[in-house]
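The structure is given below, and queries will be raised subsequently.
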Amino acid sequence: MDRPLPPALLDGLNDAQRAAVSHQHGPLLIVAGAGSGKTRVITRRIAALVARGVAPHRLLAITFTNKAAREMAARVEQLLPGSHAWVSTFHAAAAKLLRLGGEAIGLSRDFTICDRDDLVAIVRRLLKAHGHDPKEVRPEGVVEQISLWKNHGLSPESAKQEAHEPAWRPGAAALGTVASELWPELATTMREGRLLDFDDLLLEARRLVADPIAGAPWRSRFEHVLVDEYQDTNKVQSELADLLASGHGNLAACGDPDQSIYAWRGADLSNILEFTRRYPTATMVRLEQNYRSKGAILAVASAVIEKNVHRVERGLVPVLDYGERPRLLFGWTDNDEAELVAREIFRLIADHGVRSREIAVLYRTNALSRPFEAALRARGIAYRVVGALEFYARKEVKDLLAWLRLKANPRDPEAFLRVVNTPPRGIGEVAQGQLLQAAREAGVDYCTLVEDEARRPRLKGVAGKGAVALAAWLRWLRSAPDRPVAALLQELISVVGYESHLTEAYGEIDGGERIDNVRELIADANDFDVTNPEGGLARFLEERALVQDADDAGAERTDAVSLMTLHAAKGLEFAAVFLAGLEETRLPHRRADSPLEIEEERRLFYVGITRARERLYLSHAGQRFVFGRSEPATPSRFLHDLPPHLIDGGVAADETFDAAPRAVQVVLDDEVAESEGFVAGERVEHEKFGVGKILDVVGRGRSSRVRVVFRSGEKLLDLNYARLKKVRSHEF
DNA sequence: GTAAAATATGTTTTT
DNA sequence: CATATTTTAC
């Protein structure tokens, strides 16, 4: 310990960065503004600690996403080849902790991590059993409420008193009342099924580490604990970090209050704001020099964030030159906007030699990606949508994972319910209810239950026969080796006949697409087998549960423009950034109404702006397709807040909007024509069916449909969804 | 009772 | 448009 630091680790750092890297003992708070070299400081700090004699495996670094964890681990590896510092997210760390030591606090070794969908499904069943109308009480709302309660330290019992929320609609049951009514049963179902959700992982991990006896080894396991994105930790997370560092107090927290964008998920800004009060001996380092963005971009960022009232005054000093001022783009419709963006991206790539991977289009919600995908595709520009289509959320993927889950944890009710009748084998809703009930009464797992059922049948008719078939597969599943995962999966698919089920249920074309996803899952499992030669099924499932995005799981890194939400862009940087859909009800989002929520939306805008290194574009449209309908859109209030002199051409939002024709500057006749109504007799083109002719228009407004005759036959198309394009008659 | 077919309906953000 | 729920047919 306390060996001198190799000077190379401090090379090229400013004073504040050096202080953060070389700090040795006791609590440390790093308040790091956007682009202030935070990642560099953290990795160097880890290396510095090791250089001073701390064993790498006695360091724990916690990041916000799995991707960040992987990247940081790789960077540390670069600095210190062969080191094995533990870098992970809170949830992954908690899961590992519980696998290793959970039994000491009465947890089963083979628990399953369940996602939000599983919770919602369980709650939906409970709602039904209690006779609630799922339209009056949304199961999603109940899940959200219970999650909030959990994070505030409530228990199923204590929630009863808290729940006096008025009904939002006359006659409807109050959400809080229903949630508190269902929570005990939900907890029972989870316990019996050995299920842990994301909140439970953290809560149980905290319970383990806080335990006077069982937690002792964990409280001294790490000599240093480091938490990145500290501004987005919730109470349970910060307490877990405190506990893990409680043996020595070597806790380093690193974050930026201006980039707090997860309050809706329980993130508690007071964790970082009051860090020095909790740790009075803490050293505080401020990183306030921005090495990432050009001055012009930073000027806009500052102008934006300064509007927030609930904020500690802080500066971000540009190091780079001023550069080009951000540009405002306006399109009459969302398609026009996307067209302008795609055109500009093309120009950047073709004329300025910007790499595609250095360009990002950022928006508030995933649903906004469509027009950009289409416009980029039309120009042949490679792009990838980050995070949106969750691979593991697809039905066929979930089905197969459910079989694996059932093998890993035969008491998992959600896995059982997915498996029991896919492919259909005559065990319908009623029989399923009976099986669930019987399992609970006998206290046995579902595999045992079904095998018993096959021996001494109680279900009648088709259901009984189905149970016999299912029992045979389950017996096979139980005896199959759980490694390699890809082989197990492959065999499972052929034993169950899953691929033929897909083609039967969805047809050749649709089924084929789903089979592709199945193959992708096998490839994914194979990747896992190769990279984790000793990893078993449980580990595979845990990784899939904690990692939502398939890209995240370690797929290709192609040169492509990135499309993603502002939340997903956190921690990333690009040479050119397009912030799109800057309109009221989108940014700020329509559901953000309180001043505090508006401030979080503004921080989101700020995060987006500060992703850009050299070029920034702010774009919005005058009309946008929402719910399949074109609606007028007004520029975001955040655009109005921008001082005109900071924007290219000195045009602020209100002026642009009035001067729209000049701002567009391009002829987009085709697109304009597209948004007009259709008339009988017109020629149209459909993506799948080709060119056709409108026979007549049924209904008006929201529910209007058109009857079109195509070469393949007549179709009734809902204009809200079918993407029909007009075709000039001479092209027909 | 189950399975296929018709219909309803939904969009913040995510570990 | 894709999934979830309800209706209908067997």
Side-chain angles (χ1 to χ4, degrees), chain A residues 62-69 88-95 113 115-117 120-121 124 128 133-135 138-140 144 147 151 197-202 229 232-234 236-237 261-267 362-370 386-390 393-395 398 421-434 459-466 504-506 510 513-514 545-549 552 564-570 581 585-592 597 600-601 603-604 607-608 625-628 687-688 703 717-718 720-723:
Chain A
I62 296 173
T63 55
F64 192 73
T65 63
N66 294 290
K67 199 174 157 202
S88 77
T89 63
F90 267 109
H91 290 88
I113 301 166
D115 62 13
R116 221 184 83 104
D117 289 350
V120 169
R124 181 172 285 129
K128 240 184 223 167
D133 181 355
K135 268 160 213 150
R138 286 177 49 250
E140 292 85 356
E144 225 159 85
S147 168
N151 280 313
D197 67 15
F198 286 125
D199 297 321
D200 297 334
L201 278 177
L202 300 173
E229 308 287 7
D232 284 321
T233 52
N234 64 27
V236 185
Q237 288 169 327
I261 52 176
Y262 281 94
W264 53 273
R265 213 173 71 183
L362 310 179
Y363 34 75
R364 176 66 229 265
T365 64
N366 284 309
L368 258 46
S369 72
R370 301 278 155 205
V386 179
L389 278 157
E390 296 138 57
R394 293 185 193 155
K395 200 168 185 275
K398 282 196 137 185
N421 206 32
T422 20
R425 58 176 69 87
I427 306 175
E429 203 184 330
V430 177
Q432 283 170 30
Q434 288 166 354
L459 296 176
K460 288 174 223 115
V462 269
K465 277 190 190 135
E504 272 164 40
Y506 298 101
D510 247 15
E513 230 165 84
R514 284 168 196 264
L546 292 171
V547 175
Q548 292 296 318
D549 188 355
D552 224 49
M564 66 183 108
T565 64
L566 288 161
H567 283 91
K570 177 193 174 100
T585 77
R586 271 167 285 283
L587 193 76
H589 194 270
R590 62 155 49 77
R591 286 174 68 157
E597 285 171 312
E600 178 147 315
E601 298 289 306
R603 287 196 292 271
L604 205 44
V607 166
F625 263 75
V626 184
F627 291 124
E687 276 186 334
K688 267 191 198 145
S703 59
L717 298 171
D718 189 334
N720 293 331
Y721 298 113
R723 284 201 286 268

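Numbered from 1 within each chain, the chains take letters A, B, ... in sequence-line order. Keep in mind that what you see is a predicted model, and the values were worked out from it rather than measured.
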- Message: Quick check for you: among B:dT15, B:dT2, B:dA4, whose closest atom lies nearest to any side-chain atom of A:V462?
- Response: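 Of B:dT15, B:dT2, B:dA4, B:dT2 is nearest to the side chain of A:V462.
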- Out of B:dT2, B:dT13, B:dA3, whichever nucleotide has its closest atom nearest the side chain of A:W264: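 The answer is B:dT13, which lies nearest to the side chain.
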- Message: Rounded to whole Å, how long is the line connecting atom CZ of A:R370 with atom P of B:dG10?
- Response: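 One finds 19 Å between P of B:dG10 and CZ of A:R370, rounded.
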- Separation of B:dT13 C1' from A:I261 CD1 (nearest whole Å):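 These atoms are roughly 8 Å apart.
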- Output, in order, the C-alpha distance, side-chain angles, deciding distance and verdict of salt bridge (Lys or Arg N to Asp or Glu O under 4.0 Å) for A:R116 and A:E144. CA-CA 9 Å; A:R116 221 184 83 104; A:E144 225 159 85; 3.8 Å; yes
- Message: With heavy-atom distances below 4.5 Å as the criterion, would you say the side chains of A:M564 and A:K570 are in contact?
- Response: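 No, too far: nothing below the 4.5 Å cut-off.
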- Query: Phosphate oxygens OP1/OP2 of B:dT15: is one of them under 4.0 Å from a side-chain N or O of A:N234?
  - Reply: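 No.
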- Message: What's the closest nucleotide to the side chain of A:A367 if the choices are B:dT13, B:dT15, B:dT11?
- Response: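 Selected nucleotide (nearest to the side chain): B:dT11.
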- Task: Give the rounded distance in Å between these two atoms: CD of A:E144 and C1' of B:dT15.
- Result: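 In whole Å, B:dT15 C1' and A:E144 CD are 15 Å from each other.
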- Heavy-atom side-chain proximity of A:H567 to A:Y262 below 4.5 angstrom: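 A side-chain contact exists here, since the closest heavy-atom pair is under 4.5 Å.
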Mind listing the N/O atom pairs, protein and nucleotides 7-10 of chain C, below 3.5 Å?
none

- Taking OP1 and OP2 of B:dA3, is either one under 4.0 Å from a side-chain nitrogen or oxygen of A:N421?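 True: A:N421 side-chain N/O within range (under 4.0 Å) of B:dA3 OP1/OP2.
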- Query: Quick one: is C:dT5 close enough that its OP1 or OP2 comes under 4.0 Å of any side-chain N or O from A:R124?
  - Reply: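 True: A:R124 side-chain N/O within range (under 4.0 Å) of C:dT5 OP1/OP2.
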- Task: Would you indicate what A:R425 reaches in the nucleic acid, counting non-hydrogen atoms under 4.0 angstrom: base, sugar-phosphate, or nothing?
- Result: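 Contact class for A:R425: sugar-phosphate only.
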- Item | Check against side chain to side chain contact (heavy atoms under 4.5 Å, CB included), A:H589 and A:E600 | CA-CA 10 Å; A:H589 194 270; A:E600 178 147 315; over 6 Å; no
- Taking for each residue the nucleotide of DNA chain C with the nearest heavy atom, is it A:R514 or A:E429 whose nucleotide lies nearer the 5' end?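 The answer here is A:R514.
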- Query: Can you tell which of A:I261, A:L587, A:V607, A:T365 makes a side chain to side chain contact (heavy atoms under 4.5 Å, CB included) with A:L566?
  - Reply: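 With A:L566 as partner, side chain to side chain contact (heavy atoms under 4.5 Å, CB included) holds for just one option, A:L587.
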- Task: Would you indicate what A:A431 reaches in the nucleic acid, counting non-hydrogen atoms under 4.0 angstrom: base, sugar-phosphate, or nothing?
- Result: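 Sugar-phosphate only.
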- Message: Quick one, A:F64 with A:T89, criterion side chain to side chain contact (heavy atoms under 4.5 Å, CB included). Give me CA distance, side-chain angles, the key distance, then yes/no.
- Response: CA-CA 6 Å; A:F64 192 73; A:T89 63; over 6 Å; no
- Item | Candidate nucleotides B:dT2, B:dT13, B:dT15, ranked by approach to the side chain of A:H567 - the nearest |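 The closest nucleotide is B:dT13.
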- Message: Please pick, from B:dT15, B:dG1, B:dT13, the nucleotide with the shortest atom-to-atom distance to any side-chain atom of A:V430.
- Response: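 Closest nucleotide among those given: B:dG1.
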- Quick one: is A:T65 getting a side-chain N or O under 4.0 Å of the B:dT14 phosphate, OP1 or OP2?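 Checking B:dT14 against A:T65, no side-chain N or O comes under 4.0 Å of OP1 or OP2.
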- Note on the structure: Under the rule of Watson-Crick or G-U wobble with both distances under 3.5 Å, where | means paired to another strand and [ ] a crossing pair, DNA chain B maps to ||||||||||.....
- Query: Taking CG from A:L604 and P from B:dT13, how many angstroms apart are they, rounded to a whole number?
  - Reply: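 So the two atoms are 11 Å apart, to the nearest Å.
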- Write down the distance between CZ (A:R138) and C1' (B:dT11), rounded to a whole number of angstrom.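 From A:R138 CZ to B:dT11 C1': 11 Å.
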- Query: So do A:D115 and A:K398 actually touch side chain to side chain, heavy atoms under 4.5 Å?
  - Reply: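 They are in side-chain contact.
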- Query: Between B:dT15 atom C1' and A:F90 atom CZ, what is the distance in whole Å?
  - Reply: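 Rounding to the nearest Å, CZ of A:F90 and C1' of B:dT15 are 11 Å apart.
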- Message: Need to verify one output field. Residue with the more 5' nearest nucleotide on DNA chain B, A:E601 or A:G428?
- Response: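 Taking each residue's closest nucleotide, the earlier one in sequence belongs to A:G428.
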- Does A:H589 or A:Q237 map to a spot on DNA chain B nearer the 5' end, using the closest nucleotide for each?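 Its nucleotide being nearer the 5' end, the pick is A:H589.
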- Task: With side chain to side chain contact (heavy atoms under 4.5 Å, CB included) as the test, would you mind laying out the steps for A:N234 and A:R265 before giving the verdict?
- Result: CA-CA 8 Å; A:N234 64 27; A:R265 213 173 71 183; over 6 Å; no
- Any side-chain heavy-atom pair of A:L546 and A:L201 under 4.5 Å: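 In short, these two side chains touch, coming nearer than 4.5 Å.
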- Task: Report the nucleotide, chosen from B:dA4, B:dT15, B:dT13, that has the shortest atom-to-atom distance to any side-chain atom of A:F198.
- Result: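 Of all the options, the side chain of A:F198 is nearest to B:dT15.
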- Task: Report the nucleotide, chosen from B:dT14, B:dT15, B:dT2, that has the shortest atom-to-atom distance to any side-chain atom of A:A463.
- Result: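 Shortest atom-to-atom distance from the side chain points to B:dT2.
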- Has the side chain of A:E229 got a donor or acceptor atom that lies under 3.5 Å from a matching backbone atom of A:T63?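 Looks like no, no N/O pair under 3.5 Å.
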- Is any side-chain heavy atom of A:R586 closer than 4.5 Å to a side-chain heavy atom of A:E601?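 The answer is no, as the side chains (C-beta and beyond) never meet within the 4.5 Å cut-off.
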- Message: Taking any heavy-atom pair under 4.0 Å as a contact, classify A:Y262: base, sugar-phosphate, or nothing.
- Response: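 Since only primed, P, OP1 and OP2 atoms lie under 4.0 Å of A:Y262, the category is sugar-phosphate.
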- Item | Distance in angstrom units between A:Q432 CD and B:dA3 C1', rounded |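 Taking CD of A:Q432 and C1' of B:dA3, I get 13 Å after rounding.
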- Query: Once you round it to whole Å, what is the distance between C1' of C:dT5 and NZ of A:K395?
  - Reply: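 Those two atoms, NZ and C1', are 13 Å apart.
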